[in-house]
Amino acid sequence: MPSTVTEMAISLWKNLLQTTKERLLQQRRMSLYNGAHGYEEELIKKKLQQFAGGSINLSKEDNGIGILTLNNPKLMNAFTGTMMLELQERVTELENWKDGKGLIIYGAGNTFCSGSDLNAVKAISNSQDGMNMCMFMQNTLTRLMRLPLISVALVQGKAVGGGAELTTACDFRLMTPGSEIRFVHKHMGLVPGWGGAARLVGIVGSGAALRLLSGAARLDPESALRLGLSEETLSSSDETGALEEARAWLSGYTEGPASVIRAVKEVVTAGRELPVEAALRREKDVFGTVWGGPANLQALVRRPKHK
Ligand SMILES: CCC(=O)SCCNC(=O)CCNC(=O)[C@H](O)C(C)(C)COP(=O)(O)OP(=O)(O)OC[C@H]1O[C@@H](n2cnc3c(N)ncnc32)[C@H](O)[C@@H]1OP(=O)(O)O
């Protein structure tokens with residue numbers, strides 16, 4: 001039990017901080033869709049379970065960078081039903097990773113992802129299953145985007161359809177020579193449904209997004225760079241070299257204490273998603289988690305000059 005007024009104030013402050021951190025975590029995990037939207041999660045999970053194959057693997061490195069691998073190279077890393085389910089599980093794992101600072105998503109076998117597995121798509125081509133799958137993937141990719149990790153899609157080979165959409169759920173895209181991003185949905189008689197259109201507009205603006213979706217244009221690294229869809233064209237095309245380059249690129253932004261890097265991502269997510277007043281309030285809450293924290297106090301002692 002705290003005895004002095006100072007101890008009571010500190011204890012109160014710690015409780016408040018803990019409550020704020022828990023509230024921030026809840027806000028990140030909040031799903032877009034629930035039963036009130038006609039979303040039947042258990043039903044779609046059972047359906048997706050029937051279309052097995054491939055995997056989504058996660059390794060967490062000591063430097064705070066997670067590597068998420070889309071692993072179904074026989075089908076150009078197309079998303080089977082079980083891969084959609086595994087993606088949700090890996091996102092939950094990442095939400096609980098307190099030391100994480102960055103994330104690289106890439107595809108096995110030198111290619112990114114060819115969207116949803118067309119065999120599964122054919123089997124769930126009725127409207128109830130389609131809507132449920134769409135809401136399932138939007139929920140998962142929104143949670144992925146809101147992770148307090150700086151995320152990068154490493155695009156080798158092809159990112160097609162849902163694969164192109166997945167790249168937009170990352171903060172940044174890096175492309176290797178000869179790779180391409182292509183929203184082919186129009187040729188499938190579709191529009192993006194995994195949140196790719198809304199996010200694409202946010203990244204490249206509505207005019208460019210309209211051109212990319214209505215033209216189903218093939219975007220090479222140079223065009224993607226010009227549009228601001230890609231940050232950089234890497235020099236390596238092979239998996240090991242490209243991953244090494246992506247790690248080096250990302251470490252330029254993830255160096256430093258996890259609490260601060262995660263807070264940076266939180267305030268940017270707020271600015272990206274919320275109306276300005278709500279974003280300012282969220283920024284205030286996040287600021288409260290770092291102000292007077294260990295990194296802040298150490299910096300005050302060091303008094304670094306930012307020349
Ligand atoms: C969210 C909604 C969506 O995602 S709609 C978009 C769905 N995706 C597609 O329509 C992509 C269809 N695939 C393709 O256009 C080509 O396979 C792409 C990705 C361009 C790759 O071409 P290429 O490098 O020549 O390889 P390939 O065609 O020989 O493919 C190798 C094997 O993989 C298969 N594959 C590829 N993509 C998928 C997919 N999405 N679903 C199921 N299977 C797929 C190919 O059929 C091929 O298999 P196989 O060797 O013929 O048995």
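Note that ligands are numbered from 1 as they come in the structure, with each ligand's atoms numbered from 1 the same way.
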Mark up the atoms of ligand 1 that fall under 4.0 Å of a heavy atom belonging to [X], in ascending order.
X      : value
Trp194 : 1 (C)
Met188 : 10 (O)
Ala78  : 39 (C), 40 (N), 41 (N)
Asp117 : 41 (N), 42 (C)
Gly115 : 4 (O)

Report the C-alpha distance between Trp194 and Phe79 in whole Å, list the side-chain angles of each, state the deciding distance to 0.1 Å, and finish with yes or no for ring-ring contact (aromatic ring centres under 6.0 Å, His included). CA-CA 12 Å; Trp194 295 359; Phe79 264 89; 5.6 Å; yes
For the 3.5 Å polar cut-off, considering only N or O atoms, please tell me whether Gly162 and ligand 1 meet it. yes
So, is Ser116 polar-close to ligand 1, with some N/O to N/O distance under 3.5 Å? yes
Report the nearest protein non-hydrogen atom to [atom]: residue, atom name, distance rounded to 0.1 Å.
atom                    : result
atom 35 (N) of ligand 1 : Leu75 O, 3.9 Å
atom 15 (O) of ligand 1 : Val160 CG1, 5.0 Å
atom 24 (O) of ligand 1 : Met76 CE, 3.4 Å
atom 12 (C) of ligand 1 : Leu118 CD1, 3.9 Å

Atom 19 (C) of ligand 1: which of Gly196, Pro73, Cys134, Ser114 has the nearest heavy atom? Ser114
Partner residues of Gln18 under the side chain to side chain donor-acceptor pair (under 3.5 Å) criterion, sequence neighbours left out: Glu22
With sequence neighbours excluded, what pairs up with Gln298 under the side chain to side chain donor-acceptor pair (under 3.5 Å) test? none
Interatomic distance, Cys113 atom SG to Lys158 atom NZ [nearest 0.5 angstrom]: 13.0 Å
Are Ser235 and Glu245 linked by a side-chain donor-acceptor pair shorter than 3.5 Å? yes
May I ask you to decide whether Asp171 forms a salt bridge with Lys265, counting only side-chain N to carboxylate O separations under 4.0 Å? yes
Please confirm whether Lys74 comes under 4.0 Å of ligand 1, counting heavy atoms of the residue only. yes
